[in-house]
Amino acid sequence: VTALPLRAMPLRDGRALFVNDAGGFFAAEPGFVDRLDRGSLSCAERSRLRSRGHLIEDGDTLGAAAHARGIATRLARAGSLDYLILVPTLRCNLACSYCQVSRVAEGARGFDWSSETLAAVLSVIDRMDATQVKIEFQGGEPTLRPDLINAVIDRCGRFARSEFVICTNLQQLDDEILAILDRPDVFISTSLDGDVLTHRRNRTGEEGKTATFLNNLRLVTTRYGPSKVSALPTVDAADPPAMDDLIDSYIEYGFDSIFLRPINYQGFARKRHAGSREQDDGWRSYHERFVRRLIDRNWEDRSRVLEETYFSVCLRRVFRPGQERHVDLRNPNPMGHDYIVVDHDGTVYPTDEARMLARSGVVDLSIGTVADGWAGEARDLLTRHATNQLDPACTRCAWQPYCGRDLVDDIARYGRIDLPRHETAFCRRHMHLFDLAFDLIYSDDGKVRYSVARWLRLPGTPGAFGEVMQ
Amino acid sequence: MGGTIQLPVKDRDLAHVAACAARVRNLWAGVTVTIADRTVALASTLHANASLELIWTCALLNERLVAANAERRSRVLADLVA
């Protein structure tokens with residue numbers, strides 16, 4: 001029996017796209033679709049499909065093995081623990097309206113790591129068998145406890161490669177913190193919501209704190225260069241900023257990558273921005289117009305390449321299987337194996353969003369404690385469902401090989417994980433993203449191909465990114 | 001944007017069409033399907049630029065391809081997990 005391990009998806013340009021289970025794809029003109037539908041492909045067409053792994057003849061063991069290998073390459077594998085998200089304190093010196101983590105006031109007591117929790121974290125680091133480690137300091141505002149940051153960094157000297165990311169609001173940059181940031185293995189992640197007024201309205205709330213942030217952002221980008229600093233905006237989809245204003249704000253500080261994030265339906269945002277539960281057509285339209293605006297600007301000024309970070313992740317998921325480890329978009333998505341989150345009280349969560357849900361009092365998705373371990377039933381229960389392979393809707397979706405599964409997002413929005421996929425914000429968001437991706441992949445517009453090639457980190461611009469069956 | 005088309009069921013089995021229509025609903029959240037008087041009506045706002053006829057063709061074809069591959073897909077995945 002001949003196998004056609006394909007799924008079909010209509011493209012916007014009137015052609016159909018076929019994606020095989022390993023993620024290989026081709027577009028087809030209506031005539032080809034009709035012949036495929038009627039089982040009347042020519043020998044040459046069958047041969048062409050076979051040579052590209054879209055058709056497996058009965059008895060073709062090499063073709064079957066290649067196909068299985070292609071699927072295996074796409075499947076995410078969680079290695080040993082090598083990525084920690086640490087929350088040394090929940091205290092913060094800002095009060096953003098959509099804070100995702102229910103931070104507490106700067107002067108609050110009992111929201112920092114205890115000495116026992118610090119010891120347990122260091123013990124975990126000592127027992128990690130990975131040769132490299134990435135540690136992200138979240139909060140609260142982690143720079144309120146530089147002593148805890150230093151203690152962790154000092155403990156990582158034995159790793160062949162270490163990378164530390166400090167997620168900070170840049171309100172406080174004293175000598176002790178600058179000494180940490182001066183390290184070549186330390187990177188800075190911050191939030192920049194757009195122009196001064198937008199940032200002040202959303203985050204800092206007053207002129208003085210806004211000026212402090214912008215001055216410090218200027219300081220670190222000047223002192224270290226933009227490659228050591230990343231920033232991302234949180235966008236209120238109900239009132240998004242003017243695109244060029246947002247882009248210009250990033251260019252002003254030397255940033256080329258903009259991770260366009262709608263307000264996350266977490267923490268305080270659940271009450272203050274209740275509309276953020278669903279990302280509607282308005283948001284998707286804004287996102288698409290933003291990506292297309294970046295394409296125009298990249299074409300107009302070729303001295304730099306601007307990108308929307310998550311869209312580039314999606315593109316790489318299509319073309320570079322196995323190389324993109326973005327944990328919100330991998331499949332399967334094992335929980336509590338290669339990365340964990342350690343909260344201010346030593347509780348371990350599988351993801352930062354899971355921590356937020358617990359902090360918000362929605363549901364406790366903790367999987368253990370840093371002192372006593374987390375390899376238990378709760379972790380395994382989550383992991384069992386963290387795949388899109390067997391979902392009845394995903395099984396029929398051409399984007400399945402590229403897409404992922406985010407249980408925690410479903411729980412955050414709907415309180416359950418068994419909604420039909422198409423009724424979830426995650427599905428709608430990624431349907432839109434991959435629809436857009438393939439619209440651009442098959443675009444004949446030179447300026448589109450120019451940006452797509454650069455977002456894929458290609459040295460030049462190929463004549464085409466995908467095949468078309470006539 | 002979007003639109004509505006009426007597709008005659010023709011010689012296709014109505015039950016099969018209804019099953020495929022359900023899958024269309026599953027796959028394309030912006031597509032609504034109604035079946036009456038041996039016609040299938042599709043209305044779409046999501047794939048505003050995609051032809052509804054093409055959406056329908058893909059849905060039917062997809063249903064056949066997925067069904068034909070279900071056992072092989074399960075076997076490959078089981079082998080990989082093992």
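Order of the sequence lines sets the chain letters (A, B, ...), proteins ahead of strands, with each chain counted from 1. Bear in mind that the values here come from a model prediction, so they are computed numbers and not experimental data.
Looking at A:Arg69, there are no atoms closer than 4.5 Å to chain B (heavy atoms on both sides), in backbone or side chain. Residue contact with chain B, scored on non-hydrogen atoms closer than 4.5 Å, involves the side chain of A:Leu75 exclusively. In this structure, no portion of A:His432 lies under 4.5 Å from any heavy atom of chain B.
Looking at every heavy atom in both residues, A:Ala8 comes nearest to B:Asn62 through N-OD1, 2.9 Å. Minimum heavy-atom separation, B:Leu54 to A:Arg15: CD2-O, 3.1 Å. Of all the heavy atoms in A:Ala72 and B:Leu80, the pair that sits closest is CB-CD2, 3.6 Å. Summarising the geometry of B:Asn69 relative to A:Pro5, their closest heavy-atom pair is ND2-CA, 3.4 Å, with the distance given to 0.1 Å.
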Between A:Asp21 and B:Arg72, does a side chain to side chain contact (heavy atoms under 4.5 Å, CB included) hold up when you go through it step by step?
CA-CA 11 Å; A:Asp21 291 347; B:Arg72 182 201 51 76; 2.7 Å; yes
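Counting heavy atoms from C-beta on, the side chains of A:Asp37 and B:Arg64 come closer than 4.5 Å. In this structure the side chain of A:Leu36 reaches within 4.5 angstrom of the side chain of B:Leu61, judged on heavy atoms.
For the atom pair CG (A:Asn20) and CG (B:Leu65), the distance works out to 11.5 Å, reported to the nearest 0.5 Å. In this structure, the separation between CD on A:Gln389 and CG on B:Leu77 is 4.5 Å, given to the nearest 0.5 Å. Rounding to the nearest 0.5 Å places CZ of B:Arg73 at 7.0 Å from CD of A:Gln400. Atom CG of A:Leu390 and atom OG of B:Ser74 lie 7.0 Å apart (nearest 0.5 Å).
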